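Worksheet for the structure shown next.
All figures in this text were calculated on a predicted structure; none of them were measured in a lab. Just so you know, residue 1 is the first one in the sequence shown, and it goes up from there.
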Amino acid sequence: QFVALCDVDEKRSRAGIAGGKKAGPPAEQLKDAKWFKDFRVMFEQMEDKIDAVAIATPDHMHFPIAMAAIARKKHVFVEKPMCRSLAEVRRLHAAAKAAGVVTQMGNQGRASEGIRLAREWVQAGLIGDVHTVHTWTDRPRAPWFYPADFDPDASATETPVPATLDWDLWLGVAPPRPYRPELVPSFWRGFTDYGTGSLGDMGCHQLDAPFYALDLGSPSSVEAATTKQHAKTFPGSTAVTWKFPARGKRGPVEMKWFDGTMKPPLPVPGFKLSESGGSLFYGTKGIMSVTSHSGSCRLLPEERMQAMAGVLPPKTIPRIAGGHFTEWTAAIRGGPKCGSDFDYAAGHTEVVLLGVAAQRAQARLEWDAAAGRFPNRPDCDVFAGPGYAYRSGWGV
């Protein structure tokens, strides 16, 4: 039962739902729900009627809204990335564990068939010992990103705020700034005050299969090569490299990320990189490809896939029927633990955000996971976040 909806631009949200432009339940299921612009007001008025909250806002507001919900013992679904900064991830994870609420991050591929096949095939040794992973995305691009050299504070004239948008509520914890149409409703992802760039936007999808299949854990170091860096935006193209130490029976792994115009080398002749992205696993006995959002899994070259079709390993990991939202609501009702609950999502998001930190630091960063610091570059600890003082009045 949907009891409340909250959006800083209610008219736009209502129109999106009515026109089928926004994912969500049929309008009939929303007819009795109350609408709010401010989540704090919503909680004040509806706290006793709310059991669970789904948060699909710009990255910078994941943390304060989720913390407010968890403080009220509400189960929480948070879109990817879990938070905008490493410091926020750790605080939110700790708060959720203390509250005992059911959590889920919105990297839907974690509930898919492909990511399960990837883990089963790796564990069965189909490609031997995996030592290298390449991942990529086609972003940044329209309609989600503005050109990287845009300065949101360079405009000489202010643009009037749309009548239906509460700009102050949209800014939330972020520093004050005049309204800019280049920031909302879509382009915020590329601005450091609000988003996490291409890697933060798509890394929780494309890095999910290697993180899960290889039990990567925390890296020992991360570094980035990028096109021109601008103070308030993320670069137009980047290559990021993480080094993961040996863990359990797995040897060390090097994982690389490519976005923008930077692309990984082709694994075999004739292979075509998917425009939307994916990941490639290189092992001592072969190569495996996983499509974007862990949609499907193939051995390479295709001739080997065909040859192995009748002798693939058994499916040992339970499958999810209905997707990640259904998995979350089932867990709230006492079902199995969510695949991307915060115990999993926090570590996965940390890997992504360490890459974001390396992009911004323009440096090779060694990572002390226990301390949450960069011991070789303490001057870069600022990139563990949040990077600015939260505006007052938001509970964080």
Side-chain angles (χ1 to χ4, degrees), residues 58-60 62-63 80-93 105 107 133 135-137 139-140 145 148 173-175 188-208 210-211 216-245 253-260 262 345-390:
D59 299 350
H60 72 292
H62 290 184
F63 176 65
K80 52 75 195 171
M82 184 175 150
C83 294
R84 179 181 153 271
S85 75
L86 292 155
E88 291 176 345
V89 167
R90 294 198 167 191
R91 284 184 61 189
L92 188 61
H93 183 203
M105 182 174 74
N107 52 322
V133 176
T135 66
W136 74 98
T137 183
R139 302 187 190 188
F145 288 85
V173 296
W188 53 265
R189 291 170 176 83
F191 296 90
T192 57
D193 280 352
Y194 317 115
T196 45
S198 295
L199 179 51
D201 187 37
M202 293 301 290
C204 288
H205 293 312
Q206 316 301 36
L207 306 185
D208 199 13
F211 186 78
L216 286 179
S218 293
S220 55
S221 68
V222 59
E223 59 184 314
T226 75
T227 52
K228 185 175 181 180
Q229 179 85 5
H230 299 272
K232 300 167 188 175
T233 60
F234 288 93
S237 298
T238 68
V240 178
T241 302
W242 297 261
K243 297 288 184 70
F244 294 88
V253 174
E254 179 181 271
M255 183 166 68
K256 289 182 175 288
W257 163 270
F258 303 86
D259 65 29
M262 298 187 188
H348 178 26
T349 305
E350 276 204 9
V351 171
V352 172
L353 294 181
L354 283 168
V356 174
Q359 290 173 339
R360 299 192 64 194
Q362 298 283 289
R364 177 184 175 276
L365 303 175
E366 295 176 2
W367 178 239
D368 182 338
R373 293 289 182 268
F374 304 114
N376 70 316
R377 291 292 303 270
D379 59 310
C380 291
D381 285 344
V382 63
F383 296 115
Y388 51 67
Y390 298 125

Practice prompt. Test side chain to side chain contact (heavy atoms under 4.5 Å, CB included) on Tyr388 and Val173 and set out the steps.
Written response: CA-CA 9 Å; Tyr388 51 67; Val173 296; 4.3 Å; yes

Item to complete: Would you please test Arg364 and Asn376 for side chain to side chain contact (heavy atoms under 4.5 Å, CB included) and show each step?
Response: CA-CA 9 Å; Arg364 177 184 175 276; Asn376 70 316; 4.2 Å; yes

Item to complete: Please round to the nearest 0.5 Å and tell me the distance separating atom CD of Gln362 and atom SG of Cys380.
Response: 10.0 Å

Practice prompt. Specify the closest pair of heavy atoms between Pro140 and Pro235, including all atoms of both residues, with the distance to one decimal.
Written response: CG-O, 4.3 Å

Worksheet entry | Distance-minimising heavy-atom pair for Ala363 and Arg377 | CB-NH1, 3.3 Å

Response to the item:
The ring pair (Phe, Tyr, Trp, His ring centres under 6.0 Å) partners of Phe211 (sequence neighbours excluded) come to Tyr344, His348

Fill in: Heavy-atom closest pair, residues Ala384 and Gly372
CB-O, 4.4 Å

Worksheet item: So, for Gly200 and Pro81, which heavy atoms are closest and what is the spacing to 0.1 Å?
Response: O-CD, 3.4 Å

Worksheet entry | Gln206 CD to Leu199 CG distance, which is reported to the nearest 0.5 Å | 10.5 Å

Fill in: Validation row: Phe234, Arg360 side chains within 4.5 angstrom (heavy atoms)
yes

Worksheet item: Sequence neighbours excluded, which residues qualify as side chain to side chain contact (heavy atoms under 4.5 Å, CB included) partners of Ala371?
Response: Asp368, Arg373

Practice prompt. Heavy atoms only: give me the nearest Trp367-Pro219 pair and the separation to one decimal.
Written response: CD1-O, 3.6 Å

Practice prompt. For the residue pair Trp136 and Trp257, establish whether any side-chain heavy-atom pair is separated by less than 4.5 Å.
Written response: no

Response to the item:
Applying salt bridge (Lys or Arg N to Asp or Glu O under 4.0 Å) to Lys243 and not counting sequence neighbours gives Glu254

Discussion item. Restricting to side chain to side chain contact (heavy atoms under 4.5 Å, CB included), what partner residues turn up for Thr233, sequence neighbours left out?
Written reply: Ala148, Phe191, His230

Fill in: Intermediate values then yes/no, side chain to side chain contact (heavy atoms under 4.5 Å, CB included), Phe374 and Val382
CA-CA 10 Å; Phe374 304 114; Val382 63; over 6 Å; no

Discussion item. If the condition is side chain to side chain contact (heavy atoms under 4.5 Å, CB included), which residues does Pro210 pass it with, not counting sequence neighbours?
Written reply: Val133, Thr135, Leu214, Leu216, Met255, Ser279, Phe281

Worksheet entry | Closest heavy-atom pair and its distance - Ala224, Val240 | CB-CG2, 4.0 Å

Worksheet item: At what distance, to the nearest 0.5 angstrom, does NE2 of His62 lie from NZ of Lys80?
Response: 8.0 Å

Worksheet item: Is a side-chain N or O of Trp242 found less than 3.5 angstrom from the main chain of Val351, in a donor-acceptor match?
Response: yes

Worksheet item: Could you state the interatomic distance from CG (Asp59) to CG (Asp193), rounded to the nearest 0.5 Å?
Response: 12.0 Å

Worksheet item: From Cys83 SG over to Leu353 CG, what is the distance, rounded to the nearest 0.5 angstrom?
Response: 8.0 Å

Worksheet item: Residues in salt bridge (Lys or Arg N to Asp or Glu O under 4.0 Å) with Arg139, at least two apart?
Response: Asp201

Discussion item. Nearest 0.5 angstrom please: Thr192 OG1 to His60 NE2, how far?
Written reply: 12.0 Å

Discussion item. Is it true that Thr137 and Asp259 share a donor-acceptor pair across their side chains at a distance under 3.5 Å?
Written reply: no

